[in-house]
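Following: one structure in C-alpha cells, then a few remarks.
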Amino acid sequence: INMLDYLILTTGSIFLILFLKIFQGERISSFLILLSFVLFYIVWAFYHHSKDESLNIKTMIEYIFIGFTILLLLIVIFIV
C-alpha cells in the first residue's frame, strides 16, 4: 500500500469539506466544488492504479460510476 497516494486522497477530502463549509448555501459553487472533487477522485484512481500496474477499463468504469454516485449523494446532502 502506497501511503502517499492515500494521503493525497485524504487531503483532497479534507479540502472538499473545508470548501463546502466556506461556500455553504451557494448552490452553484457547492456543485462545482463537488464536481471538482469527483473529477479529482477519478484522476487519483487513474494515477493510483497506473502506478501499481492494476489499471484496466473495468476498474476505471467502476471509479467513474462510484464517483458520480457519490456526486449525486453529496448533491442531495449538501445542496438540495
Side-chain angles (χ1 to χ4, degrees):
I1 297 176
N2 187 342
M3 295 305 286
L4 180 60
D5 289 355
Y6 291 101
L7 179 62
I8 291 168
L9 182 61
T10 302
T11 302
S13 300
I14 290 169
F15 276 106
L16 167 69
I17 294 167
L18 178 68
F19 285 133
L20 285 175
K21 188 68 177 165
I22 290 171
F23 292 98
Q24 189 172 7
E26 297 181 33
R27 294 179 131 189
I28 293 175
S29 296
S30 295
F31 173 75
L32 292 174
I33 291 165
L34 291 171
L35 182 62
S36 297
F37 178 75
V38 168
L39 295 175
F40 163 75
Y41 175 73
I42 293 168
V43 169
W44 175 88
F46 180 81
Y47 165 76
H48 175 73
H49 285 282
S50 66
K51 197 167 121 180
D52 74 357
E53 299 178 3
S54 63
L55 180 65
N56 59 51
I57 191 72
K58 181 182 172 193
T59 304
M60 287 314 301
I61 290 171
E62 288 175 10
Y63 273 98
I64 291 168
F65 179 74
I66 290 167
F68 284 101
T69 301
I70 290 170
L71 176 65
L72 292 174
L73 289 172
L74 291 175
I75 286 172
V76 170
I77 292 169
F78 288 105
I79 297 178
V80 176

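The analysis underlying the following values was restricted to heavy atoms, covering all of them including side chains, and did not include hydrogens, waters or symmetry mates.
In this view, Leu7 and Leu4, Thr11 satisfy the side chain to side chain contact (heavy atoms under 4.5 Å, CB included) rule, not counting sequence neighbours. Residues that satisfy the side chain to side chain contact (heavy atoms under 4.5 Å, CB included) test with Ile14, not counting sequence neighbours, are Thr10. Scanning for side chain to side chain contact (heavy atoms under 4.5 Å, CB included) contacts around Leu72 gives an empty result, with sequence neighbours left out.
Sorted by first and then second residue, the side-chain hydrogen bond (donor to acceptor under 3.5 Å, both in side chains) pairs with a member in residues 60-80 read His49-Tyr63; sequence neighbours excluded. For residues 23-33, every residue pair satisfying the side-chain hydrogen bond (donor to acceptor under 3.5 Å, both in side chains) rule, not counting sequence neighbours, is listed here: Lys21-Gln24, Glu26-Ser29.
Hydrophobic cluster of Ile57: the remaining members, joined at side-chain heavy-atom separations below 4.5 Å, are Ile61, listed by chain and number.
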Can you give the donor-acceptor pairs under 3.5 Å from side chains of residues 38-48 to other protein atoms, not counting sequence neighbours?
{"unit_1": "Trp44", "atom_1": "NE1", "unit_2": "Asp5", "atom_2": "O", "d": "2.7"}
{"unit_1": "Tyr47", "atom_1": "OH", "unit_2": "Lys51", "atom_2": "NZ", "d": "3.3"}
{"unit_1": "His48", "atom_1": "ND1", "unit_2": "Asp5", "atom_2": "OD2", "d": "2.8"}
{"unit_1": "His48", "atom_1": "NE2", "unit_2": "Tyr6", "atom_2": "OH", "d": "3.4"}

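The distance from the CZ atom of Phe23 to the CD1 atom of Ile28 is 12.5 Å, given to the nearest 0.5 Å.
Linking ILVMFWY residues whenever their side-chain heavy atoms come closer than 4.5 Å, directly or via other members, places Leu35 and Ile22 in the same cluster. Hydrophobic clustering keeps Val76 apart from Ile17 (ILVMFWY residues linked when any side-chain heavy atoms are closer than 4.5 Å, directly or through intermediates). Grouping the Ile, Leu, Val, Met, Phe, Trp and Tyr side chains by contacts below 4.5 angstrom, directly or via other members, places Ile33 with Leu18.
Side-chain contact between Leu20 and Leu34 is present, with heavy atoms from C-beta onward closer than 4.5 Å. Residues Leu74 and Ile70 meet the side-chain proximity criterion, which asks for heavy atoms closer than 4.5 Å.
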Practice item. Evaluate the side chain to side chain contact (heavy atoms under 4.5 Å, CB included) criterion for residues Phe68 and Ile64: first the C-alpha distance (whole Å), next the side-chain angles of each, then the deciding distance (0.1 Å), finally the verdict. Key: CA-CA 6 Å; Phe68 284 101; Ile64 291 168; 3.9 Å; yes
